[in-house]
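Step one of this worksheet: look at the structure below.
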Number of protein chains: 2
Amino acid sequence: MATSETMPSSGQVLETLLRTTHQLHLQFESHLSALQVPEYLSGPRLRFLVSVAEAGQIRMSEIAAKLGIKPRTVTQFVDALEQEKLIVRLPDPDDRRATFIRLSETAPPLMQQARLAMSESADKVLASLSPEERGQLLLLLQQLSE
Amino acid sequence: MATSETMPSSGQVLETLLRTTHQLHLQFESHLSALQVPEYLSGPRLRFLVSVAEAGQIRMSEIAAKLGIKPRTVTQFVDALEQEKLIVRLPDPDDRRATFIRLSETAPPLMQQARLAMSESADKVLASLSPEERGQLLLLLQQLSE
DNA sequence: TATTGTTATACTCTATAACTATA
DNA sequence: TATAGTTATAGAGTATAACAATA
């Protein structure tokens, strides 16, 4: 039987995980807003854009499934990001009910800038971990998300 | 010079951290809502209640500072949780501008129930990690939040 | 003058339900 | 009849600004 230090309860781990990431999230957003990143590039929007960028071109229903959000929510992201000229809607010629989305031409440099600011913020937020510990953390997280 | 596997960039780690915990958060909330926990005990509200419970009795301005939220937001939490009979407001006799809050008598059993459900959900969410890995993760998170 | 908490208001993210156009 | 996306609406969590009561 192991001690509680080597075998903490799931509840304790998850509680710490959610609490800690909430703190990091707040720190991260406050660093970001101090930098030159446009405010409308919030966390969820950036996550959305990254998904679109990875796919190149993707149907709205697909990205909803991929991100675990509802079609209605996709419509709102697309509306907001289209207004900011970051993505464009394209009709699907094979299915006239469906709509593809992809990054606009102005999006990549902005996202690049956002990534830089994110990485700068991340350096501050993760300052208390050594490079090796960051590697460990990354592996554990990747295992969790599979 | 280490490889990128042992020394990932901060940006990559934080990106994975935020993305992964977003997924976990969604999974966790969906497990929770499938259980018998009252819906009004959402993550942020539970976090708020736990803070109040730890303090025993705390001023609204203090809890705002502790949780990193604005006084206006505290007022909303208190309004909602007071309506659910989970906390009570008490005047501060020494400063008539200030208000103390503390748990009501009915709160602790409900919170206990919520913790149990949370731990059940957590088991599912963390199923892909061994007990040792959970221990590692916990240590890394604790280090991060210091 | 400064601080505590509140009212008024608004924005983002998320959801459900009802609908339109198409398949 | 089923699917893709939209309109309409709502609710939680967060914020800023203006204000009243008190210090």
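Small disclaimer: the values here were computed from a predicted structure and weren't measured. Side-chain atoms are counted along with the backbone in the values below, which use heavy atoms only and exclude waters and symmetry mates. Residue numbering restarts at 1 for every chain, and letters A, B, ... go by the order of the sequence lines.
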Strictly below 4.0 Å: does [X] bring a side-chain N or O up to OP1 or OP2 of [N]?
X: A:R89; N: D:dT6; value: yes
X: B:S61; N: C:dT3; value: no
X: A:T73; N: C:dC13; value: no

Assign [X] to base, sugar-phosphate, or nothing according to its heavy-atom contacts below 4.0 angstrom with the strands shown.
X: B:T75; value: base
X: A:R96; value: sugar-phosphate
X: B:D95; value: sugar-phosphate

Taking atom [atom2] of [N] as reference, at what distance in whole Å does atom [atom1] of [X] sit?
X: A:L67; N: C:dT14; atom1: CG; atom2: C1'; result: 13 Å
X: B:I69; N: C:dG5; atom1: CD1; atom2: P; result: 12 Å
X: B:L90; N: C:dT4; atom1: CG; atom2: C1'; result: 16 Å
X: B:K70; N: D:dA18; atom1: NZ; atom2: P; result: 16 Å
X: B:F77; N: D:dA15; atom1: CZ; atom2: C1'; result: 13 Å
X: B:I101; N: C:dT4; atom1: CD1; atom2: P; result: 14 Å
X: A:I58; N: D:dG5; atom1: CD1; atom2: P; result: 11 Å
X: B:I63; N: C:dT4; atom1: CD1; atom2: C1'; result: 15 Å

Inset, instruction - Give, for atom CE of B:M111 and atom CZ of B:R45, the distance between the pair rounded to the nearest 0.5 Å. - result: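 Going from CE on B:M111 over to CZ on B:R45, the span is 14.0 Å.
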Legend entry - Spacing of A:I69 atom CD1 and A:Q76 atom CD [to the nearest 0.5 Å]: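 Here the rounded value is 10.0 Å.
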Inset, instruction - Assign each of A:P93 and A:P44 to its nearest nucleotide of DNA chain C by heavy atoms, then name whichever residue's nucleotide is nearer the 5' end. - result: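 That would be A:P44.
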Legend entry - Comparing B:A98 and B:D79 on DNA chain C - which has the more 5′ nearest nucleotide: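 Per heavy-atom nearest nucleotide, the more 5' residue is B:A98.
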Inset, instruction - Ignoring the backbone of A:R72, work out which of C:dA17, D:dG13, D:dG5 is nearest its side chain. - result: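 That would be C:dA17.
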Legend entry - Distance-only donor-acceptor test, A:Q76 side-chain atoms vs C:dT14 base atoms, 3.5 Å: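 Such a pair exists between side chain and base.
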Inset, instruction - Answer yes or no: is there a side-chain heavy-atom contact under 4.5 Å between B:L49 and B:F77? - result: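 Counting from C-beta outward, B:L49 and B:F77 never come under 4.5 Å.
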Legend entry - B:R134 versus B:L126, closest heavy-atom pair with distance: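 Here B:R134 and B:L126 meet closest at NH2-O, 3.1 Å.
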Inset, instruction - Work out which heavy atom in A:A64 is nearest to a heavy atom in A:P71; give both atom names and the distance. - result: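 Closest approach of A:A64 to A:P71: CB-N, 4.2 Å.
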Legend entry - Pairwise 5' ranking along DNA chain D for A:M60 and B:R97, keeping only the more 5' one: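 The answer here is A:M60.
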